[in-house]
Number of protein chains: 2
Amino acid sequence: MPRPTIKTIAQETGLSIATVSKALNDSPQVRPETRAIVVAAAARVGYQLNMHGVQLRTGKTYQVAAIMTAPGPRQNEWEGVEYAQLLSGISWALEESPYRVSLYAVRNFEESLATIRQIVSLKKADGIIVSGTRADDPRVRIMQEADFPFVTYGTTIRNAPHAYVDADNEQMIRHSVARLAGRGHRRIALVNPMADLSYSLTRLDAYRAALEAAGLPFDPALVAHGHLTPAFGRECVLSMSALPSPPTAYICANEASALGAFSGFHARGLVHGRDAVINATDDLNVSQYFAPPITTYFLPIHEPSELLGRYILRRMEGEAPEALQTLIMPKLIERSDDRLA
Amino acid sequence: MPRPTIKTIAQETGLSIATVSKALNDSPQVRPETRAIVVAAAARVGYQLNMHGVQLRTGKTYQVAAIMTAPGPRQNEWEGVEYAQLLSGISWALEESPYRVSLYAVRNFEESLATIRQIVSLKKADGIIVSGTRADDPRVRIMQEADFPFVTYGTTIRNAPHAYVDADNEQMIRHSVARLAGRGHRRIALVNPMADLSYSLTRLDAYRAALEAAGLPFDPALVAHGHLTPAFGRECVLSMSALPSPPTAYICANEASALGAFSGFHARGLVHGRDAVINATDDLNVSQYFAPPITTYFLPIHEPSELLGRYILRRMEGEAPEALQTLIMPKLIERSDDRLA
DNA sequence: GCGCACAATAAAAACGTTTAATTTTATTGT
DNA sequence: ACAATAAAATTAAACGTTTTTATTGTGCGC
């Protein structure tokens, strides 16, 4: 037996397929009693909407493209980004809707640009979710020019307003620096993401502002930019600890780099809490298992990711982007004393 | 200007849309010269195949469903599964094909079962990739009964033959136990995944066989099953180290649990290399940054994941499942001495 | 009782593609 | 040169929807 269609229901009820279609779509043109008959028949024959017909007719794809920049196969360094949780959060937010998450894995920024261009021009999706935003992001511009619905995970700085979700990096860094300064630290290192990323800039600015507020000088030697891998965190500690006046605190942008920083401590014979301390920002909550556990600003990844899903739905329904902007303040979890020894 | 279709090309060339379609699909029914004309015209007008038309006509979806069992939002414990890399590997393998990866995030086994049932019965995809296989997996049976193409990441034990990719858990555990026994260890603990998972059983069997081969007794107190989180690894160390005759080696099934084991060492005042050692299986290569770095069996996740993508393509083309089965032996990376102190 | 407005339904076209059936054109054998 | 045959093209139908346009039926005022 072939799969039932609206035609099946039409025969079953003696109505036309047009009426059936309208009934199923809650059109006011169809009488409530008729709708009830149609719905009953649909249930009886086990009717399920065939999306392909809808897609062809309406031009809608019912796909939300998630652009995921994953490191290439050559470099298998852990970056500690829980993309899986990010994706599942989005997926769950779309669960009740007819939309599905379509995955576009790209290797770098250029590829993501090309992919987005293609999705927009060939309308391969109805909406796009993209992360790793830059201060001035050409992808955002492309989507805006085409009036294509999208939400970014991460803010931009020099683009026109758009829908976004992000951790409140400014608040977090300000708070973090102030807290460490309040505990006696005068040499605070910033282990920052690649400089072209928007949140890198946000963090740097907040860092400088917070130092100034605390009456501490800014020293460029205490700031490093790089891919947030353990290798990078380790490298930062190895080089900065060799400075004439080494840092007594490291603010790591994620847990992977914090783990690497520990590895650097180990290599240099540094003891956490005595020689220096490590703080982190995280979404994995894995740093509670470090030895010793460290203080982190924790943002459970499912929060922003579900928001991304909900926002893209609303954006595709035409809601204004200005109404879809959220910064979430991560929660401080103090696991170590962090006072300057 | 509306998007060009085969109709556009037909008008452009004076041919019928049928000929255009056949020409673009390399049908032998069309003369090479004609094909050349069509292809040229297509390029000229910037023609791109509209999938919706194809999908409706052929019934094919050109979607590969990736079933991802991600932990729910409530429990945000890191399980160290690099799903992101897994997904991107699949995605890249499909890059040259017309297929896209469609993500289905589920919370647990039951949901994955229901999802697969739905995908199969409503033909929401042309192929399925599923992980977290059980010894006797009902999902596998469903897909086999419907003759639906699929590949599993992980083997099954009591199901009919099917396409799969997996790490060679048996070899790995046999080698691991033999190696530790050769270094003087007589109390080797197995930190194993949940008992219902197929590879849990495989590992346990291999563990017992290897112990026997090494002339060591099997002690159930040295085997633990659980979710491979840091919390679990920690718990294992905390409880097992309190045994009258505690283990001197821990074989952890992934890096997350190994990290937790370290946390347990820290809590108990155990020193790695003196009191006991930790070995792991991993696909992140993050254990090189542990303090100290530990010996691991490393399988770069992109290898199995790209294979998964290639296999599902071949499976969808009708290739026999028996030809699409691969166990990959992870590479041993010795980072610590591991001899019994 | 008659026309009129309006509500409810039906008919038909369209979205872009593939493919079975058919027609036209080219090639071959005698 | 002419059937017979093969090759290459065309015609037309179909996939399952939605939506515009057309038709039918109903209640209403007068």
Please report, rounded to the nearest Å, how far the [atom2] atom of [N] is from the [atom1] atom of [X].
| X | N | atom1 | atom2 | answer |
| --- | --- | --- | --- | --- |
| B:Q29 | C:dT24 | CD | C1' | 14 Å |
| A:K22 | C:dA12 | NZ | C1' | 12 Å |
| B:I17 | C:dA21 | CD1 | P | 18 Å |
| B:H52 | C:dT18 | NE2 | P | 14 Å |

Report task. Determine whether B:H162 and B:Y164 make a side-chain contact, defined as any pair of heavy atoms from C-beta on separated by less than 4.5 Å. Result -> yes
field: A:T5 side chain reached by A:N50 side chain, heavy atoms, under 4.5 Å
entry: no
Q. NA contact type, A:S21, heavy-atom cut-off 4.0 Å: base, sugar-phosphate, or nothing?
A. base
Taking any heavy-atom pair under 4.0 Å as a contact, classify B:S16: base, sugar-phosphate, or nothing.
base
Is it the case that [X] and [Y] place a side-chain donor and acceptor less than 3.5 Å from each other?
| X | Y | answer |
| --- | --- | --- |
| B:T156 | B:R134 | no |
| B:D126 | B:T61 | yes |
| A:T133 | A:Y199 | no |

In Watson-Crick or G-U wobble terms, with both distances under 3.5 Å, the base opposite C:dA21 is D:dT10
Checking N1-N3 plus N6-O4 or O6-N4 for Watson-Crick, or N1-O2 and O6-N3 for wobble, each under 3.5 Å, the partner of C:dT28 is D:dA3
Minimal heavy-atom distance between B:T8 and B:P4, with the atoms involved, is OG1-CA, 3.4 Å
**Prompt:** Can a side chain N or O of B:Y47 be found less than 4.0 Å away from OP1 or OP2 on C:dT17?
**Reply:** yes
Under a 4.0 Å heavy-atom criterion, DNA chain D is touched by chain B from D:dA8 to D:dG16
Assign each of B:V20 and A:Q48 the nucleotide of DNA chain D bearing its closest heavy atom; nearer the 5' end lies the nucleotide of B:V20
Heavy-atom nearest nucleotide on DNA chain D taken for B:R31 and for B:T58; more 5' hit belongs to B:R31
Given side chain to side chain contact (heavy atoms under 4.5 Å, CB included), test A:L103 with B:R100 step by step and report yes or no.
CA-CA 7 Å; A:L103 192 67; B:R100 291 297 110 207; over 6 Å; no
